[in-house]
**Q** 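Please find one structure pasted underneath; my questions will follow.
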Amino acid sequence: MAGAGPAAADTVLVTIPAGDGPDGVAVTPDGSHVYVTNTNSSSVSVIDTGSNTVVGTVTVGDFPRGIAVTPSGSRVYVANVDDHSVSVIETGSNTVVGTVAVGNSPSGVAVAPDGSRAYVTNTGASSVSVVDTSSNTVVGTVAVGDFPIGVAVDPSGSRVYVTNTGDASVSVIETAANNVVATISVGDNPFGVAVAPDGSRVYVANSTGDTVSVIETADNTVVDTVAAGTGPSGVAVAVTPLGSRVYVSNAGDASLSVIETADNTGIETAPVGGTPIGVAITPDGSRVYVANHAGDTVSVIAVGKCFGSLCIDAGWLTGNGSGTGRMFS
């Protein structure tokens, strides 16, 4: 909301109507747009972050869930569960320019930091499809654990982390050979996964256990378990203007848990819409976008911090004074 004054710490600035059953959410590298999958309307909503309004709707495959933007911002990859495909959207025109056949019931998708590969979790096939983004063809398939859902690539592009909801584990894929090099036991029904910007930690939302597992990537071990809300689903981590934080959407109690990464403690819980699933943070760390599946909305959270009775909106620390979540100036 351009021109809005300072908001309270981690509060909802605005609620944006989306399509039917919003699920996945991804932000472009320049922070100008947010893409949201709508599972029940087979579409993707395009949100302009300057005005926080929907400026486009793209028809994709059946029951879209996972979504990821390439590092260049030129393409968006969407995992369509019910037609076993990935839709490729060109962001310049917001049109589908390709469809890639993958495994059974693809749910999650992540793109490598160099943009050369997309990794797609095939929930019904217990595998990950490796897509060459230059040709939009599958160039490899990796067997993982049972019922894989979430997927994230580390900043170096050398490791991919996959949550396996069926056996409470995380598979670690080495991208050079596309093989699993480690399997890590985590909490019950792991769903969302995110890697810290420095690659040192991986955060896993355990939807039945109501916790977040913290994995040390150096030795692939769980070093901490943090209490979250009810039914944690999505997870995102970023270095904000006010420090490094993890944001976890809690589908069971319509809330967003905020975890401070310095000591892995929950510092706040913010109310959002019904059944929040996907969560993403703008590149400058000033805004969090949450897809509320049951509410057919997207909540926009102002990242902030309170000092006694004074609360500062991080958007006011980005140098433009508008609070719209633009890059630092």
Side-chain angles (χ1 to χ4, degrees), residues 19 22-30 32-39 42-47 56-125 127-142 144 148-155 157 160-163 173 175 178 192-195 234 236 277-280 283 289 291:
D23 195 286
V25 58
V27 184
T28 57
D30 65 0
S32 64
H33 292 86
V34 173
Y35 288 79
V36 181
T37 56
N38 304 303
T39 57
S42 298
S43 68
V44 170
S45 296
V46 185
I47 296 171
T57 302
V58 185
T59 299
V60 290
D62 194 14
F63 208 85
R65 294 203 73 180
I67 188 167
V69 185
T70 60
S72 67
S74 63
R75 296 285 188 274
V76 175
Y77 285 77
V78 180
N80 306 305
V81 177
D82 286 351
D83 60 11
H84 321 303
S85 72
V86 171
S87 297
V88 185
I89 299 171
E90 181 185 50
T91 58
S93 60
N94 283 324
T95 57
V96 173
V97 294
T99 302
V100 186
V102 290
N104 188 27
S105 302
S107 295
V109 59
V111 177
D114 65 0
S116 66
R117 296 288 187 269
Y119 298 88
V120 183
T121 53
N122 303 307
T123 305
S127 69
V128 171
S129 293
V130 183
V131 177
D132 183 326
T133 58
S134 64
S135 61
N136 285 325
T137 57
V138 174
V139 294
T141 302
V142 185
V144 290
I149 295 281
V151 59
V153 187
D154 78 344
V160 175
Y161 296 85
V162 178
T163 57
I173 299 172
T175 59
N178 284 327
V193 58
V195 184
I277 303 291
V279 55
Y289 286 78

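The shown structure was predicted, so the numbers you read here are calculated from the model rather than taken from an experiment.
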**Q** When rounded to the nearest 0.5 angstrom, what distance separates OG1 in T39 from CG in N80?
**A**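 These two atoms lie 11.5 Å from each other.
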**Q** Is it true that a side-chain atom of T175 and a backbone atom of G157 form a donor plus acceptor pair closer than 3.5 Å?
**A**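 Pair found, side chain donor or acceptor close to backbone of G157.
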**Q** Going by heavy atoms in the side chains, are V131 and V86 under 4.5 Å from each other?
**A**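 No; the side chains remain at least 4.5 Å from each other.
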**Q** Give me the atom names and distance for the closest heavy-atom approach of P283 to T28.
**A**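 Of all heavy-atom pairs spanning P283 and T28, the closest is CG-O, 3.7 Å.
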**Q** Checking the side chain of H84 only, and the main-chain atoms of S105 only, is there a donor and an acceptor separated by less than 3.5 Å?
**A**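 The answer is yes, because a donor-acceptor pair under 3.5 Å joins these two groups.
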**Q** Below 4.5 Å, heavy atoms only, C-beta onward: do V76 and V44 meet side chain to side chain?
**A**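 V76 does not reach V44 side chain to side chain.
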**Q** Has D62 got a side-chain atom pairing as donor or acceptor with D82's backbone, closer than 3.5 angstrom?
**A**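 No, because the side chain of D62 does not come within donor-acceptor range (under 3.5 Å) of the backbone of D82.
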**Q** Could you go through residues 89-97 and list every donor-acceptor pair under 3.5 Å that involves a side-chain atom there, pairing it with any protein atom two or more places apart or in another chain?
**A**
{"from": "E90", "atom 1": "OE1", "to": "S93", "atom 2": "OG", "distance (Å)": "2.9"}
{"from": "T91", "atom 1": "OG1", "to": "G73", "atom 2": "O", "distance (Å)": "2.6"}
{"from": "T91", "atom 1": "OG1", "to": "S74", "atom 2": "O", "distance (Å)": "3.3"}
{"from": "S93", "atom 1": "OG", "to": "T95", "atom 2": "OG1", "distance (Å)": "2.7"}
{"from": "N94", "atom 1": "OD1", "to": "Y35", "atom 2": "OH", "distance (Å)": "2.7"}

**Q** Please check: side-chain N/O of T70 versus main-chain N/O of R75, any donor-acceptor pairing under 3.5 Å?
**A**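 Checking the backbone N and O of R75 against the side chain of T70, a donor-acceptor pair under 3.5 Å is found.
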**Q** Tell me whether S129 contacts the main-chain N or O of V120 through its side chain, where contact means a donor paired with an acceptor under 3.5 Å.
**A**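 Not at all, since once roles are kept as given, no pair shorter than 3.5 Å links the two residues.
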**Q** Please determine which of T163, V142, V162 meets the side-chain contact (heavy atoms from CB on, under 4.5 Å) test together with P148.
**A**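 Running side-chain contact (heavy atoms from CB on, under 4.5 Å) over T163, V142, V162 with P148 returns exactly one hit, V162.
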**Q** Does any non-hydrogen side-chain atom of V111 lie less than 4.5 Å from one of R117?
**A**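 No; the side chains remain at least 4.5 Å from each other.
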**Q** For D114, check salt bridge (Lys or Arg N to Asp or Glu O under 4.0 Å) against everything at least two apart and list the hits.
**A**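 For D114, no residue satisfies salt bridge (Lys or Arg N to Asp or Glu O under 4.0 Å) once neighbours in sequence are set aside.
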**Q** If you define the side chain from C-beta out and look only at heavy atoms, does anything of Y289 sit under 4.5 Å from V279?
**A**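 Answer no - side chains too far apart.
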**Q** CG of N122 to OG1 of T141: how many Å apart, nearest 0.5 Å?
**A**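 That separation rounds to 7.0 Å.
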**Q** Please round to the nearest 0.5 Å and tell me the distance separating atom CG of D23 and atom OG1 of T37.
**A**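 The distance works out to 5.0 Å.
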**Q** So, S43 side chain and T59 main chain: donor-acceptor pair closer than 3.5 Å or not?
**A**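 No, because the side chain of S43 does not come within donor-acceptor range (under 3.5 Å) of the backbone of T59.
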